[in-house]
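So you know, we letter chains A, B, ... as the sequences are listed, proteins then strands, and number each from 1.
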Number of protein chains: 2
Amino acid sequence: MGVKSLLMTKRKSESLSPEELRTHGERLFLSHLSVDCVIFGFHEGQLKVLLLKWKDGPWCLPGGFIKHHESVDYSATRILKERTGLDEIYLKQFHAFGDPQRERGKRYKQGWIANRFVTIGYYALVEYSKVFPQPDLLSSECKWWDVAAVPDLIYDHKQIMTTALETLRLSLNDHPVGYNLLPLKFTMPELQRLYETILGQTLDRRNFQKRMLALNILVKLNERKTGGAHKAPFLYRFDKKKYDRAMKQGLVGGW
Amino acid sequence: MGVKSLLMTKRKSESLSPEELRTHGERLFLSHLSVDCVIFGFHEGQLKVLLLKWKDGPWCLPGGFIKHHESVDYSATRILKERTGLDEIYLKQFHAFGDPQRERGKRYKQGWIANRFVTIGYYALVEYSKVFPQPDLLSSECKWWDVAAVPDLIYDHKQIMTTALETLRLSLNDHPVGYNLLPLKFTMPELQRLYETILGQTLDRRNFQKRMLALNILVKLNERKTGGAHKAPFLYRFDKKKYDRAMKQGLVGGW
DNA sequence: ATACTATTGTGTATCTCCTACACAATGAAC
DNA sequence: GTTCATTGTGTAGGAGATACACAATAGTAT
């Protein structure tokens with residue numbers, strides 16, 4: 001978690017000035033706890049992650065603090081809404097990071113913000129095109145980065161991102177992430193590219209299609225995606241009902 | 001987390017009296033954060049969980065707080081050691097519980113302990129016979145319960161236990177839990193019973209054995225377990241080298 | 001001792017799922 | 001209209017999962 005969140009929080013009705021937050025964050029927030037979000041998107045065949053840049057400072061994950069009467073899950077939802085403008089996005093807690101050295105190099109040497117923080121990591125899957133990244137009051141940047149080309153991040157944020165990615169990778173078996181990451185209509189090659197970037201490996205085209213269709217949660221539309229060079233691929237969409245039913249029962253199941 | 005941990009902590013070199021902890025826990029611990037452990041064991045064909053009982057109070061999970069300069073993982077290890085006397089046990093963080101209502105019914109109305117706590121859940125897999133449950137100074141009990149017959153627990157501890165069990169269930173696919181839960185030598189029926197209790201379903205005997213042996217981390221011994229009525233089953237043990245190698249690479253892998 | 005009973009040890013046929021693999025059609029670019 | 005990269009599609013073989021039955025045996029009851 002970085003300074004960033006202070007500013008975002010300032011916009012809310014209950015508010016502290018950045019300075020107050022730095023020194024007396026405990027008035028509004030739980031001490032020693034923060035939330036960091038790894039926000040994944042997918043665009044032009046690349047898996048993306050949304051990062052913030054401090055003014056004259058390093059890049060970091062969007063994060064924030066937990067209000068006294070707010071659930072941790074809700075904090076994550078709120079932070080996400082502040083960054084992306086989106087409600088109802090897929091959000092999953094994946095790990096708490098509690099090494100006392102994790103904030104090595106912290107600049108603040110005194111005040112509330114200088115305390116040790118244990119951060120709870122969430123990852124979000126959002127539809128790229130619906131997101132309007134919101135840089136905050138200090139005019140720091142907020143933008144998408146290719147997962148494969150993320151710059152140095154503050155503290156242990158690279159580690160947090162990596163863990164999120166691993167968790168996402170493992171979740172592929174029981175969660176059809178395309179539903180959250182792709183637009184309503186998409187082509188099979190797009191879906192495949194998504195899986196390939198998450199997994200970091202190429203997959204066989206025919207087998208992939210067979211496997212996806214076998215999940216029985218996709219509908220093939222009578223429409224093709226034109227515009228790209230070459231043969232126009234069919235469009236698909238998720239069948240919400242079947243999708244929900246499948247999610248309830250678990251997709252596969254080793255045992 | 002309950003009063004229990006206060007007492008345990010008292011034994012350590014840095015110490016607060018129970019009363020001090022109740023009112024000024026922040027001298028030693030991070031505020032708003034606790035750790036709770038779901039300690040699983042296996043005995044007589046039943047999956048067990050280690051619970052504590054407050055004096056004249058409800059049952060709860062063993063838990064504790066995080067010292068100012070201690071990692072969260074280490075806190076969990078320490079708490080576990082205090083309860084079970086064991087080092088080097090398999091311990092895994094599985095979820096943080098952050099609902100502001102989770103401690104509904106809390107008795108303490110003032111002092112540090114009355115604050116809101118977000119708890120980080122860990123589950124442990126221990127060898128039943130090696131554990132000597134340690135009830136603490138207030139002579140509350142500390143004992144094993146059948147997972148299927150756990151009594152009412154304080155706060156959201158039942159929920160925490162259930163989530164731990166679900167996580168354990170899912171982990172069966174990539175972690176051969178028998179290594180941590182069973183004694184050095186064990187029979188195939190014992191191993192199977194372990195899987196069956198965790199999964200809550202029966203499994204085919206021949207297929208189970210085939211599958212376990214196919215993992216290639218078991219050694220069949222030239223010994224049988226006598227004493228039980230009926231035909232004496234062979235004993236097996238884990239091959240540590242092969243086990244470690246398999247763990248490093250991941251056992252199966254959906255993709 | 002003998003019979004009894006519950007439990008263990010073991011293999012095969014079938015099915016399902018995963019994998020490997022190639023050629024014709026097409027839409028855009030030139 | 002030719003070219004080129006990409007899409008659409010099916011099958012054969014292999015690996016792994018599942019279903020299933022009978023002989024051997026260690027105690028127990030008599």
Point to revise | Donor-acceptor pair present, B/Lys210 side chain and C/dT10 base, under 3.5 Å | key: no
Point to revise | Minimum-distance nucleotide (side-chain atoms of A/Thr226 versus C/dA28, C/dC21, D/dA5) | key: C/dA28
Practice item. Take the protein atom CD of A/Gln209 and the nucleotide atom C1' of C/dT19, then report the distance between them rounded to whole Å. Key: 16 Å
Exercise for review: Establish, from distance only, whether the side-chain atoms of B/Glu166 and B/Thr162 form a donor-acceptor pair under 3.5 Å.
Suggested key: no
Review point. Whole-Å distance between C/dT8 C1' and B/Glu190 CD?
Key: 13 Å
**Study point:** Separation of C/dC17 P from A/Asn216 CG (nearest whole Å)
**Key:** 13 Å
Check your understanding: Base, sugar-phosphate, or nothing for A/Thr187, non-hydrogen atoms under 4.0 angstrom?
Key -> nothing
Check your understanding: Has A/Lys92 got its NZ or CZ under 6.0 Å from the middle of the six-membered ring of A/Tyr123, at an angle within 45 degrees of the ring axis?
Key -> no
Exercise for review: Take atom CZ of A/Phe208 and atom C1' of C/dC21, then tell me their distance rounded to the nearest Å.
Suggested key: 18 Å
Revision key, fill the gap. Picking from D/dA21, D/dT18, C/dA22, the nucleotide nearest the side-chain atoms of B/Arg206 would be D/dA21
Exercise for review: Find the distance A/Leu213:CG to D/dT7:P and express it as a whole number of Å.
Suggested key: 15 Å
Review point. For the side chain of A/Arg205 and the base of D/dG8, is some donor closer than 3.5 Å to an acceptor across the two?
Key: yes
**Study point:** Sugar-phosphate only, base, or nothing, as touched by A/Lys220 at under 4.0 Å among non-hydrogen atoms
**Key:** sugar-phosphate
Point to revise | Separation of D/dG8 P from A/Lys225 NZ (nearest whole Å) | key: 13 Å
Practice item. Grab the CE-C1' distance between B/Met188 and C/dT10 for me, whole Å please. Key: 12 Å
Point to revise | 5' precedence on DNA chain C between B/His230 and B/Phe234 (nearest-nucleotide basis) | key: B/His230
Study note, to complete from the structure: With the side chain defined as heavy atoms from C-beta on, B/Lys231 is closest, among D/dT6, C/dA20, C/dT7, to C/dT7
Review point. Considering only side-chain heavy atoms of A/Ala232, which listed nucleotide, C/dG27, C/dC21, D/dG27, is closest?
Key: C/dG27
Review point. In whole angstrom, what separates A/Met212's CE from C/dC17's P?
Key: 15 Å
Exercise for review: Tell me which nucleotide among C/dT12, C/dT19, D/dT7 gets nearest to the side chain of A/Asn207.
Suggested key: C/dT19
Review point. Would the B/Phe238 and B/Phe186 ring centres measure less than 6.0 Å apart?
Key: yes
Review point. Can the ring centroids of A/Trp59 and A/Trp54 be said to lie less than 6.0 angstrom from one another?
Key: no
Check your understanding: Within 45° of the six-membered ring axis of A/Phe97 and under 6.0 Å from that ring's centre, is NZ or CZ of A/Arg102 located there?
Key -> no
